[in-house]
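Let me begin by presenting the structure, written as structure tokens, before commenting on it.
Every chain is numbered from 1, with letters handed out A, B, ... down the list of sequences.
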Amino acid sequence: MSKERILKNIFVKGAIGAAFVGESIQKHSAQTSIGAHSIFLGQVRADLMDEKKVSAIEYTSYEPMALEKMHEIRAFIFAKYELTCMHVYHSLGKVNAGEISLFVFTSSAHRRAAIEACSETVELIKKELPVWGKEIFEDSSHQWKTNT
Amino acid sequence: MSKERILKNIFVKGAIGAAFVGESIQKHSAQTSIGAHSIFLGQVRADLMDEKKVSAIEYTSYEPMALEKMHEIRAFIFAKYELTCMHVYHSLGKVNAGEISLFVFTSSAHRRAAIEACSETVELIKKELPVWGKEIFEDSSHQWKTNT
Amino acid sequence: MTTTVLLFGQLQEITSKHELQVNEMADTHTLLAELSRMYPAIATAKYMIAVDKQIISGNTKLKDGSTVALLPPFSGG
Amino acid sequence: MTTTVLLFGQLQEITSKHELQVNEMADTHTLLAELSRMYPAIATAKYMIAVDKQIISGNTKLKDGSTVALLPPFSGG
């Protein structure tokens with residue numbers, strides 16, 4: 001079995017639905033040791049640049065490397081914080097303005113671990129995951145997104 | 001018109017449903033200046049104390065004062081962070097273990113404002129809102145919750 | 001003059017009262033002394049005091065119709 | 001020996017290639033010189049290099065069958 005095959009997938013095709021987020025929360029109601037959930041959602045902005053508006057972002061990734069990197073991030077975060085669980089989903093392909101492209105969900109007995117783990121995971125994803133966003137304008141021209 | 005009447009209500013009877021969280025997220029898809037949502041959910045833990053398990057928390061509040069205080073917290077957070085919007089819901093009455101009793105939802109163009117505003121709002125709610133949780137054990141005895 | 005006293009959480013449990021009216025209380029110290037006489041458990045309880053929804057510290061004069069709330073440590077969320 | 005080169009984001013756009021095979025490249029410096037000759041725009045582009053999914057810095061020896069990925073600045077989320 002190759003190493004990749006056992007890595008948890010985080011990629012989903014297209015936007016992440018709000019209802020999916022609701023269902024993910026619902027699944028945790030049986031875990032009664034959880035006291036706090038922290039959720040981050042990245043939503044595609046209709047930014048205006050030189051009078052052109054972003055209508056969507058198209059995401060691509062170097063998937064095998066991204067999944068290995070996410071595995072490392074997950075191990076690091078679980079070692080650092082007392083978490084019950086962590087779920088990460090990132091879109092690939094086209095996500096329209098107003099839709100969700102990143103969903104990070106951490107749970108813990110206590111709020112500080114959940115909140116800090118979520119926040120740090122988001123930073124590491126933005127910084128370390130080989131994912132690229134191509135901002136597509138309403139006139140079909142594009143530019144490459146940059147993270148800050 | 002009394003002052004209370006114009007204050008935004010945050011209290012809901014019983015648990016906050018996961019589907020309601022999903023619907024709240026969905027409502028923001030038309031606001032395409034939003035780039036980041038941060039959500040905190042407080043879930044009732046089935047803590048074990050002296051071999052007795054918490055089955056629910058029953059919440060009460062000094063509501064008029066809590067709504068005034070929440071109004072102040074909201075004004076403070078909006079002055080401090082570049083937020084698009086903030087939504088807060090807190091349960092009153094009985095919430096069973098595994099159910100959600102607090103929902104704080106902040107949105108911003110950029111992640112740091114959303115994340116920090118959410119985290120600080122949760123701290124202020126825990127510290128400053130006149131709300132009390134009575135932990136009810138499976139044998140119907142109870143004790144008063146303390147926040148850390 | 002009349003003062004409304006509101007009791008919450010443990011204090012409501014101790015006194016079996018959520019609300020009571022007391023007369024001729026000039027300030028919060030006088031009021032708390034009277035409440036502690038009526039309900040000795042209040043004397044040893046931990047709470048903050050709000051007069052007309054504002055947390056106060058130290059002795060505070062009361063007006064006719066004031067609402068004084070005794071607030072045990074908050075435990076929302 | 002053969003090396004697989006993967007190009008992403010802007011680099012994929014510049015070269016119109018996602019993947020290419022090159023032969024007899026002993027190390028990453030040699031490989032990058034060759035790629036810059038084939039695609040001059042690579043010489044001025046900003047990217048990191050991963051050899052077999054590990055980010056490297058400095059010149060790195062290549063084995064037969066290595067995969068070298070040229071990664072423009074990440075912009076996920």
inquiry  = More than 12 heavy atoms of other residues, nucleotides or ligands under 6.0 Å from NZ of B:Lys94: yes or no?
reply    = no

message = Between A:Gln43 and B:His37, is there a side-chain donor-acceptor contact under 3.5 Å, judged purely by atom types and distance?
response = yes

query = Which heavy atom in A:Gly22 sits nearest to a heavy atom in B:Ala18, and how many Å separate them?
reply = O-CB, 3.4 Å

remark   = In this structure, NE2 of B:His28 is separated from CD of A:Glu99 (nearest 0.5 Å) by 16.0 Å

key: Any donor-acceptor pair under 3.5 Å from B:Arg111 side chain to A:Gly42 backbone   = no

task = Inspect the surroundings of CG in A:Asp50 and state if more than 12 heavy atoms from other residues, nucleotides or ligands are less than 6.0 Å away.
result = no

key: Proximal component of B:Lys126, with respect to chain A [non-hydrogen, under 4.5 Å]   = side chain

inquiry  = A quick test of your reading: do over 12 heavy atoms of other residues, nucleotides or ligands sit less than 6.0 Å from NE2 of B:His71?
reply    = no

ask   = To the nearest 0.5 Å, what is the distance between OG (B:Ser38) and CG (A:Leu41)?
value = 8.5 Å

task = Kindly compute the distance separating OG (A:Ser33) from CG (B:Leu48), expressed to the nearest 0.5 Å.
result = 12.0 Å

ask   = If you count the non-hydrogen atoms of other residues, nucleotides and ligands that lie under 6.0 Å from CD in A:Glu138, is the total more than 12?
value = yes

inquiry  = Counting heavy-atom pairs under 4.5 Å with chain B, which one of A:Ala46, A:Ala114, A:Gly35 comes out on top?
reply    = A:Gly35

message = Please classify the contact between B:Val21 and chain A as side chain, backbone, both or neither, with a heavy-atom cut-off of under 4.5 Å.
response = side chain

ask   = So what's closer than 4.5 Å to chain A heavy atoms on B:Ala36: side chain, backbone, both or neither?
value = both

key: Residue among B:Lys53, B:Gln31, B:Glu123, B:Glu23 with most heavy-atom pairs under 4.5 Å to chain A   = B:Glu123

remark   = d(B:Glu116 CD, A:Ser119 OG) to nearest 0.5 Å is 7.5 Å

ask   = Side chain, backbone, both or neither: which part of B:Ile115 has an atom under 4.5 Å from a heavy atom of chain A?
value = side chain

ask   = Does the side chain of A:Ile25 come within less than 4.5 Å of B:Ile100's, by heavy atoms?
value = yes

